[in-house]
Amino acid sequence: MARPPRWQTTLDASLEEACLAVRLYNDPAESRSFEGFVIHMHLAWLYLLHAQFIRDDVDFRYWDPQFKKRLLKIDGEAKRWELERSMKERWPSDADPVRANLSLFIKLRNRLEHRHAHADEALMLNLAGHAHALLVNFETELTEQFGDNQSLAMRLRIPIFVGTFTSEGEQALRRFRSTLPNDIRTFVTSYEAGLDESVTNDSRYEFRIRAIVELAPKDPDAIALQFTKYDDMTDDERAFAEELGRRGQVIVRDRKQNVSGFGRVMPTKAVKEIQAAIPYVYNMAHFTDSWKKAKIRPPNGDDNPSRTNTDFCEYDEPTKTYRYTKAWVQRLIKKCSTPEGFLEMTGREPRTKPAKAKS
């Protein structure tokens, strides 16, 4: 049996933390379940990003600024990037909804620890949409970076709940929202005031959903909880869903189906994405040089074409072609954005793109 990749242990720890976070969130007997959810999702995200850095050979250790060849250490161990530093490396733009959502929970964790135990349930109610977005974003990042076989879908279940299926329950929850301590309420309000409306309205920042009891005859092939894609709705159904959203409820989120090659790209598309994202000329020859230098797949005609680095490339037996992961494309974009990185990945000196002629 082949040895597991270096990042697998870190990724496994990330999955364990995410499952524990959800278990705490869904446990009505746990007095500080929301605080536990925030803390363990913090760790889950930290380990997930660290697993990516290990895979991509990113040095995420802190070096002593006074001695360039000396690592900063804590209790004999090299000090590694905390979640905030790791987040900024992964999402450089502070306008990214995923980063905005994660940043909210990083700041919230710093306020929650050892404080506001009595406000746990009120926080859970007020920030339920943000918490769901935190988990959905984690699942998206997890599967896009490491493949569908790592998904939380088979590890987690939809809990049985009452929620607001009764009008009395809805009124009770609305009254309970007002019990959130003023300083925490002010913190959340002030944080969102600094965000663009396009971010706060994005489901990756706050995930909202409206549940409607289905009264139609049961389809023998249907499952109890189903999802409707926005693109599959009629114009009338979209108008109705959008009206629900304006009333503070929401719309439905898409889900992934089992599709061959999901999340993978062919060479031509990969080259176009890289070319559009970097300041240098990048073509198919550069792409070929890149995978050859990194040895992520065997050369054409090899007797074992499936012997690839599956983090970055997969061989498709029916079509006899290679498909590349988004992680490989992102790695090339990041590396080839600098002259040194371009030379390292392709073995060629970069050529700046010609300036576009002004009309």
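What you see is a predicted model, and the numbers here were worked out from it, not measured in a lab.
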Any heavy-atom pair between the side chains of [Y] and [X] that's under 4.5 Å?
| X | Y | result |
| --- | --- | --- |
| C336 | Y282 | yes |
| L135 | L152 | yes |
| F312 | D56 | yes |
| Y322 | P298 | yes |

Once rounded to the nearest 0.5 Å, what's the spacing between atom [atom1] of [X] and atom [atom2] of [Y]?
| X | Y | atom1 | atom2 | result |
| --- | --- | --- | --- | --- |
| T325 | F146 | OG1 | CZ | 10.0 Å |
| Y191 | L104 | OH | CG | 5.5 Å |
| D12 | E17 | CG | CD | 12.0 Å |
| L102 | M41 | CG | CE | 8.5 Å |
| E349 | R351 | CD | CZ | 12.0 Å |
| K79 | D75 | NZ | CG | 12.0 Å |

Parallel, tilted or perpendicular, as decided by the 30° and 60° cut-offs, for the rings of Y324 and F287: perpendicular
Any salt bridge linking [X] with [Y]? Criterion: basic side-chain nitrogen under 4.0 Å from a carboxylate oxygen.
| X | Y | result |
| --- | --- | --- |
| K73 | E77 | no |
| E340 | K335 | no |
| D289 | R348 | yes |
| K326 | E144 | yes |

Same cluster for [X] and [Y] if Ile/Leu/Val/Met/Phe/Trp/Tyr side chains link at under 4.5 Å?
| X | Y | result |
| --- | --- | --- |
| L142 | F105 | yes |
| M266 | V329 | no |
| M284 | V265 | yes |
| L83 | L108 | yes |
| Y62 | F53 | yes |

Residues R6, D57; criterion salt bridge (charged side-chain N to carboxylate O under 4.0 Å, His left out); working and verdict: CA-CA 10 Å; R6 291 184 301 129; D57 293 324; 3.0 Å; yes
Verdict with reasoning, T200 to E206, per side chain to side chain donor-acceptor pair (under 3.5 Å): CA-CA 7 Å; T200 56; E206 182 180 7; over 6 Å; no
Residues Q145, Q150; criterion side chain to side chain donor-acceptor pair (under 3.5 Å); working and verdict: CA-CA 10 Å; Q145 293 291 335; Q150 301 290 348; over 6 Å; no
Donor-acceptor pair, side chain of [X] and main chain of [Y], under 3.5 angstrom:
| X | Y | result |
| --- | --- | --- |
| R70 | W63 | no |
| S103 | R99 | no |
| D316 | T319 | yes |
| N101 | Y205 | yes |
| D59 | R61 | yes |
| D96 | V98 | yes |
| Y25 | E35 | no |

At their closest point, which heavy atom of [X] faces which heavy atom of [Y], and how far apart are they?
| X | Y | result |
| --- | --- | --- |
| E273 | I333 | O-CD1, 4.1 Å |
| D311 | R55 | OD2-CG, 3.2 Å |
| S337 | A277 | OG-O, 4.4 Å |
| G147 | R264 | CA-NH2, 4.0 Å |
| C313 | R297 | SG-CB, 3.9 Å |
| A18 | F138 | CB-CE2, 3.7 Å |

Intermediate values then yes/no, side-chain contact (heavy atoms from CB on, under 4.5 Å), L71 and D64: CA-CA 5 Å; L71 288 167; D64 192 323; over 6 Å; no
Over 12 foreign heavy atoms within 6.0 Å of NZ, K269: no
K320 atom NZ, over 12 foreign heavy atoms within 6.0 Å: yes
Check against side chain to side chain donor-acceptor pair (under 3.5 Å), T308 and T310: CA-CA 6 Å; T308 66; T310 54; 5.7 Å; no
Throw together a table of side-chain donor-acceptor distances under 3.5 angstrom for residues 42-50, partners on residues two or more places apart or in other chains.
residue: H42; atom: NE2; partner: R109; partner atom: NH1; Å: 3.3
residue: H50; atom: NE2; partner: W81; partner atom: O; Å: 2.9

Under 3.5 Å side-chain donor-acceptor pair for N137 and E141: no
Pair Q8-L11, side-chain contact (heavy atoms from CB on, under 4.5 Å): steps then yes or no: CA-CA 5 Å; Q8 189 65 60; L11 186 65; 4.2 Å; yes
Aromatic ring proximity H286/F342, centre distance under 6.0 Å: yes
E16/H40 under side chain to side chain donor-acceptor pair (under 3.5 Å): CA gap, chis, key distance, verdict: CA-CA 9 Å; E16 290 172 4; H40 288 286; over 6 Å; no
Stepwise side-chain contact (heavy atoms from CB on, under 4.5 Å) check, N283 with Q275: CA-CA 7 Å; N283 54 39; Q275 169 71 356; over 6 Å; no
side-chain contact (heavy atoms from CB on, under 4.5 Å) between M345 and K334, worked out: CA-CA 10 Å; M345 296 304 292; K334 182 177 179 180; over 6 Å; no
